[in-house]
Amino acid sequence: MITTTRIKEEFDLILLGLQKRGLDLRSELEEILEQDDVRKRTQKELDDTLHEARILSKEIGGLFKAGKKEEAEQAKSRTSALKAQEKVLHQKLAETEEALTEKLRHIPNVPHESVPKGTSESDNVETERWGEAEGSGEQHKPHWELAKTYGLIDFEAGVKITGAGFPVYTGKGAILQRALINFFLDRNVAAGYQEVLPPHFVNEDSAYGTGQLPDKEGQMYHITADDLYCIPTAEVPVTNLYRGDILKEEDLPKRNTAYTPCFRREAGSYGKDVRGLNRLHQFDKVEVVVVEHPDRSYERLDRMVEHIGGLIKELEIPHRILRLCGGDLGFTSALTYDFEVWSRAQERWLEVSSVSNFESFQSNRLKLRYRPSDGGKPQLCHTLNGSALALPRILAALLENNQTESGIVVPKVLQPYTHFDLIQ
RNA sequence: GGAGAGUUGGCCGAGUGGUCGAAGGCGCACGCCUGGAAAGUGUGUAUACCUCUCAAGGGUAUCGAGGGUUCGAAUCCCUCACUCUCCGCCA
C-alpha cells in the first residue's frame, strides 16, 4: 500500500510512474487526498470533543468528592450532548478511514525509474541470456512423456487421490525433488540466508499482511472450519514473521530462505498452460525473502538476481532474465526480474523465478519498520523476495534439455544429492 | 474436547472505578563521579494519528483483541484469541 504522505509529496512523480503501467489515476489520487483531509478534520473534531468530555468528568469527580452532589448532577447532564457528538464523530472517522484505505488499496506500486514502459509481455526487456535456447526441439520429447517413460511422475495417481494439478512424484522423480530442494537451500544458506521452516497454513491477518487478501481470495485454498489459508508461496509466512515489528537499523538486512509446498487454485487456467508440470495446484518452491534498508534495496536486488542466476547456471539450464515492463509488473512490485528457462521440447520459455523489490509497499501494510540508529522516528523498511527456485518447471527444463539416447543426465551439482548420475 | 488460572511499557512486576500512559525494579542512552572502569548518582527511555509543521509544545487513542456498563474503566460485564496447570485423546 502506498502512503498518503507520498501521494501528497510526490504527486506528479507518482502519476508519471503509474503511466508506465498504462494507468492514469489522477482523479483517484486527488480523491484520496481529499478524503485524507476529511479524515484529519474529523479526527481533530473528535479529539477536541473527547478532550472536553475528559475535563468535564474530572470536574465531576472533584465535585462528588467535595460533596457537591447537585452541582455534579448538573455537570453530568452536560456530558450527554458530548457523548452523542462523540459517537457520531467516532463512526464518521471509522468510515472515512475505511473508505480511504479502500481507495488506497487499489493504487498499485509506483514502478522504479528503470522499469520500461509497456503494456504486455512483449515489452519486457531481456537483460541476460545464458546457454543454447530456441529451436532444435524436434527430436526432444516433452517432460510429461519423459516423466512417464522413466517412472518419475504419476499424474494419474494424483488425479485419483486428489485431483488434476496434484502430481505424485515416484522413485527417482521423488529423489530428484528432494535433491533440488536441498541443493537450493544449501546454496542459499551458503550465500548468507537464514533457513526457516514456516507453517504451511496462515491466518487471515497474515494473508492481509502480504496482500493475498482481500483481492486474491479466490487464488488460495481456504480451510473454512478453522479460517486458515494454505500458503500460495513461502513469501506469506516468512514475510509475516516481521509483521508489526520495529527492527533496529543495525539488524538490517534480514535475509531468510524457506522451502515450502505452495498451493494455488489457479482458477481459470486451461490448455497447454497446465500440461504436465507447467502449472500445478501444489508445487514445491524454495524462496528467499529480504527485509532491507531503503537506501540499499536496489543494490540488494541486483545481488539477489546474481545469486539466483548462479543457481540456474550451476544446473546448466539455458535461461534468460527479463526486466518486466510496467504493464507486466505485479501490483505490489516496483521492479521485477523474471527468470525463464528454456523448455526444449515445448519450444517455449517457462518462468521459474520472479525477483522483486516492493520498496515500502508491503511494509506499509505490514507496519514493518526500523528504528534509525540516531534514534529518529521509525521508518518503513523495504522488502524484497524471489524464488530460488520453483521446482516443477526447473524439473521440466532439466528433463527436456538433458535427455540423451541412454537416459536423462543428472547435472553434476545435483549428483551428490541424488547419488545417481543417470536416469534410465 | 472438559475444568481452572492468567495476558500491564524492551523485560520483570505493582495497580479492583477518578488526578494512571500507568509505582518499583531491570535493561538501555546521556551526564556526574573516576587516571580508566565497576559501584554510586542524576536525567531520559513506547507507538499511531491530529495540531504544528524546523524544532519545541499541545491534543487524542492504546494496559491481549473487540463490544458493553459509567459523567469517568488497566480496574466491572460480555464475546473472542492466546499462554499456563490438571484431566481426556493422540503421531
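Naming convention: chains lettered A, B, ... in sequence-line order (proteins, then strands); numbering from 1 in each chain.
- A distance-only check finds a donor-acceptor pair linking the side chain of N240(A) to the backbone of V236(A) [under 3.5 Å].
- Taking atom P on both rC30(B) and rA23(B), the two are 24 Å apart, rounded to the nearest angstrom.
- Following rounding to the nearest Å, E98(A) (CD) and rC49(B) (C1') show an atom-to-atom distance of 17 Å.
- In RNA chain B, runs of at least 3 stacked Watson-Crick or G-U pairs (N1-N3 plus N6-O4 or O6-N4, or N1-O2 plus O6-N3, all under 3.5 Å) give these stems: B:1-7 with B:81-87, B:10-12 with B:24-26, B:27-32 with B:40-45, B:46-51 with B:57-62, B:64-68 with B:76-80.
- The main-chain N or O of E351(A) is never found under 3.5 Å from a side-chain atom of D338(A) such that the two would form a donor-acceptor pair.
- Relative ring orientation between Y417(A) and F183(A) is described as perpendicular, the plane-to-plane angle rising above 60° on a 0-90° scale split at 30° and 60°.
- Here, rG88(B) and rA81(B) have their C1' atoms 23 Å apart, quoted to the whole Å.
- In this structure, CD of Q91(A) is placed 17 Å from P of rG66(B), rounded to the nearest angstrom.
- Remark: the backbone N or O of Y193(A) is not paired with any side-chain donor or acceptor of E195(A) at under 3.5 angstrom.
- One can place CD of E45(A) at 16 Å from P of rA61(B), the figure rounded to the nearest angstrom.
- Counting non-hydrogen atoms of other residues, nucleotides and ligands closer than 6.0 Å to CD of E250(A) gives a total above 12.
- Remark: K412(A) NZ is loosely packed, at most 12 non-hydrogen atoms of other residues, nucleotides or ligands lying under 6.0 Å away.
- Using a 4.0 Å cutoff on non-hydrogen atoms, the parts of residues 47-61 of chain A near RNA chain B are D47(A), L50(A), H51(A), R54(A), S57(A), I60(A), G61(A), ordered by number.
- Atoms CD1 and CD1, from I394(A) and I312(A) in turn, are 5.0 Å apart once rounded to the nearest 0.5 Å.
- Comparing K40(A) and I246(A) by the nucleotide of RNA chain B whose heavy atom lies nearest to each, the residue mapping closer to the 5' end is I246(A).
- Along RNA chain B, the nucleotide nearest R369(A) and the nucleotide nearest L46(A) are compared for position; the residue whose nucleotide lies closer to the 5' end is R369(A).
- Rounded to whole Å, atom P of rA48(B) lies 15 Å from atom CG of L366(A).
- The side chain of R41(A) contributes no N or O atom lying less than 4.0 Å from OP1 or OP2 of rC50(B).
- Atoms CD (Q379(A)) and P (rU47(B)) sit 12 Å apart, rounded to a whole Å.
- R371(A) places its CZ atom 8 Å from the P atom of rA48(B), with the value rounded to the nearest Å.
- Atom P of rU79(B) sits at a distance of 16 Å from the matching atom of rU75(B), rounded to the whole Å.
- A salt bridge links E30(A) with R26(A): the distance from a Lys NZ or Arg NE/NH1/NH2 to an Asp or Glu carboxylate oxygen falls below 4.0 Å.
- rU60(B) and rC80(B) have their P atoms separated by 34 Å, with the value rounded to a whole Å.
- Salt-bridge formation is detected for the pair R105(A)/E102(A): a Lys NZ or Arg NE/NH1/NH2 atom is positioned less than 4.0 Å from an Asp or Glu carboxylate oxygen.
- Using a 30° and 60° split on the angle between ring planes, H319(A) and F339(A) fall in the parallel class, below 30°.
- Here the P atom of nucleotide rA46(B) and the CG atom of D245(A) are 18 Å apart, to the nearest Å.
- Of the P atoms belonging to rU16(B) and rA74(B), the separation is 13 Å, rounded to the nearest Å.
- Between the C1' atoms of rA39(B) and rA22(B), the separation comes to 31 Å (whole Å).
- Ion pairing of D37(A) with R41(A) is absent here, as no side-chain N (NZ or NE/NH1/NH2) approaches a carboxylate O to less than 4.0 Å.
- Look at the C1' atom in both rG10(B) and rG66(B): the space between them is 26 Å, to the nearest Å.
- For residues 75-88 of chain A, proximity to RNA chain B is found at K76(A), T79(A), K83(A), defined as any non-hydrogen atom under 4.0 angstrom from a strand atom.
- Here, rG59(B) and rC20(B) have their P atoms 15 Å apart, quoted to the whole Å.
- Atom CG of L104(A) is separated from atom P of rC49(B) by 13 Å (rounded to the nearest Å).
- Counting heavy-atom neighbours within 6.0 Å of Q91(A) CD, excluding the residue itself, gives a total of 12 or less.
- Remark: side-chain polar atoms of D123(A) are not paired, donor with acceptor, to backbone N or O of C325(A) under 3.5 angstrom.
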